[in-house]
Amino acid sequence: MGVGTCHLAALNNSAGNFRGQAVTIFCAFGKEENLHSARSSIFSHCGKTICKSYLRRVRRASNMPKSYESLLDEEDTSLKQLIDEDPQDDEDDSRKRRNILTLIITSSLSMLGFGIYGTAYSQWIYVRFEMDALGASFSKLDRSAAKDPCFRGNGSDSPLGPLLMEAQANSAHFSMLTMLCALIPSFFTNLLLGAYADQIGRRLIFIVPLTGYLIRVANVCAVAYWNLDVRFILIGYIICGLAGDFAAYVMALYVYTADNTTKGKNRSFLMVLTSAVSWTCSTLSHFASGYFIEAVGYVWPMVTGLAVITLSFVLTVLLLQETLDKSKVKKVSLCQGIKGIFSFYFDEPVNPLFKRKDFILLGLVFFAFSSSLGSQISTIFLMNEPFCWGSRQMGIVNSSFGLAHSVLSTIVMRLMQMFFSDEILVITSLLSSVANRFVFAFAQYDWQIYIGYGVGALEVSVLAVVRAILSRMVPQEKRGSLFASLAVMETATVAASGAGLNEMYSKTVNHWRGLTYFVIGCITVVSAIIMIIYKIMVYKRESSSTTVSIELELTQMNDLDKRSNIATISDGVEKLQAENLKENQVQFAPTDFEHCLD
């Protein structure tokens, strides 16, 4: 019987006589050829319900970190084979696979709609400010601006350079306003959603932000179609923020994925896969949008995005199944719920394998990297000097590299997981992001932009893997609060950093266009350093834990050897005493007899 089996036996002997009998019978039938006999014996002694409960407990116990699993004997594979035969677990696995498939379909449609709308909107809003800056000089808005945003014509330089600089600054400033209008109310909404995420269920966390996004996109389409004042757009952003904005949707996406996966690298991979599929749909939309914008202008691509988001909303309401068992939910007040969101960073975790500083360090990694994502300058950066990319070129480049990022990040992650931990993967992805930002900061030619996109291929998986690592540390009933804390953190950091970075770009565009990217790269360096510190800390803890476990086993083996040696010596002493007694009896008995005769 292996070490792991003995450990599970000791774990379950305290749970009752029936389970103790089940483990004893399993240990007796520990050989592979007797597995079916063992299973039959367990069911006959314990009953079907108790045994299924026992098998599920053992299955949860088997989902330990790799450093602890490596201490278990290879004989435990027979136990896993036995557990896999449980029909209840097969049914649960099938249900979870269906849920993941439904999630991928609905989220992919959502991201496709967001991508079509976002591509058209980010270019249209800049062109609107070009109209205001150029005045009568601006003509043929829909076509010429999409093909030649710098208005170079046949020349190499734009004659309207100063006015275009003004349009860039105004566009960046307006982006800051829209960001604040959405993210400030979404901070409080995500607090509420997070406080009740483990009570109201998962479906509602999808439906609320999608509703807000529908209203926001419809509002922008109306402003663009009727050429209204751009300040009306702020109304839609405020409503979207009150519904949680995009951060709430991402929170729902990862909570649902965690509910339908097991702990370990399988969860990390599926989180990255779900993110990669959604990202792929978003990037493919850039390719179609580029040609779409050149053909019909900016309005109808935004309307198309609205239609796709509406379809995703309907499918989410009709098909997405609830994963939270509300009968087991413990009701908490609003204050308790909000406290629960931040308790991970102030209280020691229930799981003794992890520490409070684990949550703090990973939270800092998430905070720092999220800060680097707040800027919305890439579109106006590429549409102006010295690049002057049109809608078609931006669509082709963004979709090509975006698709490559999604595929490459998924493949590289799977390969790296065969040899390295998830922490090493995060560090590698962060360094990839750092390289991307620094190349953009000093880019002057198109080929440098292409290199920047190439070296940043792995940054897609950073936040997904960090979320996966954190989700292993908490039970299912706490995942909603955990992901809510990340959503609140993401909302706050993106609002603060986004406002600052956009304003920085508007003030420095005349001096150094790439300064904002340089600052973002420095922030990402800080995130990578914190992740390296966390990895070193975890490595030391695992090494000490492994050493303690080995020393404990050696001590137990030495104790057994000592007891065996003592028993052997005692047996030897008893045998010598018996032999000496016999010799004495043989030697002295006749003499004594003769003495008695005298």
Side-chain angles (χ1 to χ4, degrees), residues 91-118 197 201-211 213-214 244 246-288 305 307-324 399 402-414 417 422 425 458-468 471 476 479-480 483 486-487:
E91 183 179 345
D92 290 342
D93 290 342
S94 178
R95 176 180 56 81
K96 289 180 178 180
R97 284 193 294 269
R98 290 195 301 270
N99 290 341
I100 289 293
L101 180 61
T102 304
L103 176 66
I104 290 175
I105 293 173
T106 55
S107 63
S108 297
L109 284 173
S110 297
M111 296 303 294
L112 181 64
F114 296 160
I116 295 173
Y117 158 77
R202 313 307 192 201
R203 279 166 44 86
L204 191 60
I205 310 177
F206 279 98
I207 294 172
V208 170
L210 277 176
T211 302
Y213 222 94
L214 278 173
F246 189 69
Y249 185 80
V250 172
M251 173 181 70
L253 188 68
Y254 285 111
V255 170
Y256 200 84
T257 304
D259 285 348
N260 290 281
T261 53
T262 56
K263 293 181 180 179
K265 293 185 177 180
N266 178 50
R267 176 175 299 169
S268 304
F269 176 71
L270 282 177
M271 281 190 171
V272 172
L273 178 63
T274 303
S275 177
V277 172
S278 301
W279 185 266
T280 300
C281 291
S282 177
T283 54
L284 287 177
S285 67
H286 296 309
F287 179 77
V308 176
I309 297 172
T310 303
L311 176 61
S312 171
F313 176 81
V314 173
L315 292 178
T316 299
V317 173
L318 296 179
L319 300 180
L320 201 67
Q321 300 298 312
E322 182 60 64
T323 58
L324 182 67
S399 59
L403 180 61
H405 288 184
S406 300
V407 175
L408 187 61
S409 63
T410 306
I411 295 174
V412 170
M413 178 186 178
R414 202 56 172 172
Q417 282 187 332
D422 286 344
L425 176 61
L458 299 181
E459 70 172 351
V460 178
S461 59
V462 172
L463 295 182
V465 180
V466 171
R467 284 183 169 99
S471 69
Q476 181 179 6
R479 287 178 197 152
F483 286 112
L486 297 178

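- In terms of the side-chain hydrogen bond (donor to acceptor under 3.5 Å, both in side chains) criterion, residue partners of Arg467 (sequence neighbours excluded) are, by chain and number, Glu490.
- In this view, Ser461 and Ser429 satisfy the side-chain hydrogen bond (donor to acceptor under 3.5 Å, both in side chains) rule, not counting sequence neighbours.
- In this structure, the side chain to side chain contact (heavy atoms under 4.5 Å, CB included) partners of Val317, at least two apart in sequence or on a different chain, are Ile207, Phe313.
- Remark: Thr102 pairs with no residue by the side-chain hydrogen bond (donor to acceptor under 3.5 Å, both in side chains) rule, at least two apart or across chains.
- Here Ile100 contributes atom CD1 and Ile105 contributes atom CD1; the two are 11.5 Å apart, rounded to the nearest 0.5 Å.
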Review item, side-chain donor-acceptor pairs of residues 107-115, under 3.5 Å, at least two apart:
from   : atom 1 : to     : atom 2 : distance (Å)
Ser107 : OG     : Leu103 : O      : 2.7
Ser107 : OG     : Ile104 : O      : 3.3
Ser107 : OG     : Ser278 : OG     : 3.3
Ser108 : OG     : Ile104 : O      : 2.5
Ser110 : OG     : Thr106 : O      : 3.1
Ser110 : OG     : Tyr249 : OH     : 3.1
Ser110 : OG     : Ser312 : OG     : 2.3

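- Among all heavy-atom pairs drawn from Ala258 and Phe483, the shortest one is CB-CE1, 4.0 Å.
- Of the inter-residue distances, the one linking Arg203 atom CZ with Leu319 atom CG reads 9.5 Å to the nearest 0.5 angstrom.
- Heavy atoms only, all atoms of each residue included: Thr323 and Arg202 are closest at OG1-CG, 3.1 Å.
- In this structure Asn99 satisfies the side-chain hydrogen bond (donor to acceptor under 3.5 Å, both in side chains) test together with Asn260, sequence neighbours excluded.
- Taken from CD1 in Ile116 to CD1 in Ile309, the straight-line distance is 8.5 Å, to the nearest 0.5 Å.
- For the atom pair Ile205 CD1 and Leu210 CG, the distance stands at 12.0 Å (nearest 0.5 Å).
- Remark: Gln321 CD to Lys96 NZ distance equals 15.0 Å, nearest 0.5 Å.
- In this structure, CE in Met251 is found 9.5 Å from CZ in Phe206, a value given to the nearest 0.5 Å.
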